[in-house]
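Structure first, commentary second.
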Amino acid sequence: MAGRIQSHQLPNGLYVSGKLEQPKEPRPPTMAARAVPYTGGDIKKSGELGRMFDISLLDPQGPPPPPLIVGGNSSGGNSRQHAPLRVSGSSSNPNSGSVRSGPNSGSMKKSSGPLSQLQPTGLITSGSLSGPIGSGSRRSGQMDRQVSNLGSGKAKYGSSVTCLNTDPVRVGFKVPKTVVWAVVIVAAMGLLVGAFLTVAVKKPVVIAAVLAAVVPAVVVLVWNCVWGRKGLLSFIKKYPDAELRGAIDGQFVKVTGVVTCGSIPLESSYQRTPRCVYVSTELYEYKGLGGRSANSKHRCFSWGSRHAEKYVSDFYISDFQSGLRALVKAGYGSKVSPFVKPATVANVTTQNKDLSPSFLKWLSDRNLSADNRVMRLKEGYIKEGSTVSVMGVVRRHDNVLMIVPPAEPVSSGCRWWRCLLPTYADGLIITCDDNQNADVIPV
């Protein structure tokens, strides 16, 4: 008969087979634990930390130790002297800090890189500090370059941002030059023949007829020079908005909606307005009789552009009608005609010669003088969230909806009831309301 199987009862009342195990007595720890003192970032209380990172330290209460000479050669040419090192602590682990590469070699190999100094906070960082702690001067190299370019003087953008000319909006008449020269030659010949007949035959009828034909032509030409730009703006404003959902590839459209910045947002140079898709800052100077010219085309008793900064980059526009979002390709050197009315932010007259510190800094950053000049600084921008109208050609590529500049200039056509000849604007046409600051939609 087999022996009886031993069993025992658990505390929950369940019987299980096997002997009841006796509880083991707790074993004493093999190593004596000691409390680690709080150093507070002080290297004198850090023990092996100073030896590990090769930080020089002198104890003012003890005698100065002799300098440590490192080098396998006894000659002074290959030996290096390190600063005296003394670290308080009871542990002397030979594997921490600097270790030798061999038992008989004199050269030392550091297990970790040297530190220039330990911060008061106790944080270990590599490299030297370029400024006081907490000043925010330690940045990555790329960020430093961007901040320095934007913070000191004129902002420098890459090739992805289009730098516009002094007057990017070129409004012209869509009339062939051959027709213009033909009219001028016929009018000159008519005046000469009329003057000759008036003197020789004593009949002023011919010259009166020529003047009756030339004077209206001159009046129409002057009228178009004065009202040509306003006529083009009226044509753009009345042009119907298209729906992007039904627009086909290659169609010329006008889209109105809210703009958002692309990959590179812009910032105005004087007022430092952030998150813009278009910025314009221009300095004008008045020239009196015998005054200095702001540019080569500056005439007397008029305002001339002395310095201009105009940039535009790629941005997005959300169509009001369809809700679709399109990428407007205005960067990378594209042709753009922005119709944005700038505002005067600084005005220096003969009665007001006191310049603001911000205006003086803006001038000095661009190496512009302000000695006895009548100046006016104007700045305009299109901020993110503004309502903008864009006229361009639709392009669809890999399910990406884009608006690109048209290949041909945009013509307003001939409007005889207003005596306006066909005017045109080259590239993308961007218009923004004058009260854009009050109607900005937060995005």
* **Side chain Glu379, main chain Ser280, donor-acceptor under 3.5 Å** => no

* **Pairwise side-chain contact, Val328 with Val388, heavy-atom cut-off 4.5 Å (strictly under)** => no

* **Distance (rounded to the nearest 0.5 Å) between Ile429 CD1 and Leu233 CG** => 9.5 Å

* Asked: Hey, is the main chain of Tyr332 close enough, under 3.5 Å, to the side chain of Ser159 for a donor-acceptor pair?
  -> no

* Within a strict 4.5 Å, meaning less than it, do heavy atoms of the Glu282 and His307 side chains meet? -> no

* Does the side chain of Val340 reach to within under 4.5 Å of the side chain of Tyr278, using non-hydrogen atoms? -> yes

* Asked: When you check the gap from the basic side-chain N to the acidic O, do Arg373 and Glu285 get nearer than 4.0 Å?
  -> yes

* Given side chain to side chain contact (heavy atoms under 4.5 Å, CB included), test Tyr424 with Glu408 step by step and report yes or no. => CA-CA 10 Å; Tyr424 69 93; Glu408 298 294 333; over 6 Å; no

* Contact check, side chains of Trp362 and Ser269, non-hydrogen atoms, under 4.5 Å -> yes

* So do the side chains of Val374 and Trp303 get within less than 4.5 Å of each other, counting heavy atoms only? -> yes

* Asked: Of all residues at least two apart in sequence or in a different chain, which pass the side-chain hydrogen bond (donor to acceptor under 3.5 Å, both in side chains) check with Arg376?
  -> none

* **Ser160 side, atom OG; Ile264 side, atom CD1 - distance, nearest 0.5 Å** => 2.5 Å

* Asked: So which heavy atom on Lys329 is nearest to which on Val404, and how close?
  -> CG-CG1, 4.0 Å

* With Ser334 via side-chain hydrogen bond (donor to acceptor under 3.5 Å, both in side chains) - residues at least two apart -> none

* What closest approach, in Å, do Gly333 and Thr162 show between heavy atoms, and which atom pair accounts for it? -> N-OG1, 3.0 Å

* **Any donor-acceptor N/O pair, Glu384 side chain to Cys261 backbone, under 3.5 Å** => yes

For residues 241-250, please give each side-chain donor-acceptor pair under 3.5 Å, one per line with the distance, not counting sequence neighbours.
from, atom 1, to, atom 2, distance (Å)
Asp241, OD1, Thr256, OG1, 3.2
Asp241, OD2, Thr256, OG1, 3.3
Arg245, NH2, Ser322, O, 2.9
Asp249, OD1, Arg396, N, 2.9

Ignoring hydrogens and angles, write down the donor-acceptor pairs under 3.5 Å from the side chains of residues 293-302, residues two or more places apart or on other chains.
from, atom 1, to, atom 2, distance (Å)
Ser293, OG, Lys287, NZ, 2.7
Asn295, OD1, Lys297, N, 3.0
Asn295, OD1, His298, N, 3.0
Asn295, ND2, Ser305, O, 2.8
His298, ND1, Ala294, N, 3.0
His298, NE2, Ser302, O, 2.8
His298, NE2, Gly304, N, 3.2
Ser302, OG, Arg299, O, 2.6

* **Verdict with supporting geometry, Arg306 and Tyr284, side chain to side chain contact (heavy atoms under 4.5 Å, CB included)** => CA-CA 5 Å; Arg306 184 183 177 189; Tyr284 292 90; over 6 Å; no

* Which is it for Trp181 and Val186 under the side chain to side chain contact (heavy atoms under 4.5 Å, CB included) test, yes or no, and what are the steps along the way? -> CA-CA 9 Å; Trp181 282 107; Val186 170; over 6 Å; no

* Asked: Quick one: does Thr344's side chain have a donor or acceptor within less than 3.5 Å of a partner on Ala346's backbone?
  -> no

* Tyr270 OH to Glu309 CD distance, which is reported to the nearest 0.5 Å -> 13.0 Å

* Asked: Once you round to the nearest 0.5 Å, how far does CG of Leu327 lie from CD1 of Ile317?
  -> 11.0 Å

* Checking side chain to side chain contact (heavy atoms under 4.5 Å, CB included) for the pair Thr273/Lys383: CA distance, chi angles, key distance, verdict? -> CA-CA 8 Å; Thr273 304; Lys383 193 176 180 180; 4.1 Å; yes

* Asked: In Å and rounded to the nearest 0.5 Å, what is the OG1 to CG distance from Thr423 to Asn224?
  -> 8.0 Å

* Asked: Of all residues at least two apart in sequence or in a different chain, which pass the ring pair (Phe, Tyr, Trp, His ring centres under 6.0 Å) check with Phe235?
  -> Tyr239

* **Backbone N/O of Ile382 and side chain of Ser386: donor-acceptor pair under 3.5 Å** => no

* Asked: Are any side-chain N or O atoms of Ser313 and backbone N or O atoms of Val161, one a donor and one an acceptor, separated by less than 3.5 Å?
  -> no

* Asked: Under the ring-ring contact (aromatic ring centres under 6.0 Å, His included) rule, what pairs show up with a residue in residues 202-224, not counting sequence neighbours?
  -> Trp223-Trp227

* Do the side chains of Val277 and Val312 get nearer than 4.5 Å, heavy atoms only? -> no

* Asked: Mind checking whether Val345 and Phe359 have side chains closer than 4.5 Å, heavy atoms only?
  -> no

* To do: Measure across Arg325 and Thr260 and return the closest heavy-atom pair with its distance rounded to 0.1 Å.
  => NH2-OG1, 3.1 Å

* Could you give the distance from OG (Ser337) to CG (Leu428), rounded to the nearest 0.5 Å? -> 8.5 Å

* Is it true that a side-chain atom of Lys254 and a backbone atom of Ile236 form a donor plus acceptor pair closer than 3.5 Å? -> yes

* To do: State, to 0.1 Å, how close Ser412 and Leu232 come at their nearest heavy-atom pair, and which atoms those are.
  => CB-CD1, 3.9 Å

* To do: Could you check if a side-chain atom of Thr281 sits within less than 4.5 angstrom of a side-chain atom of Tyr381, using non-hydrogen atoms only?
  => no

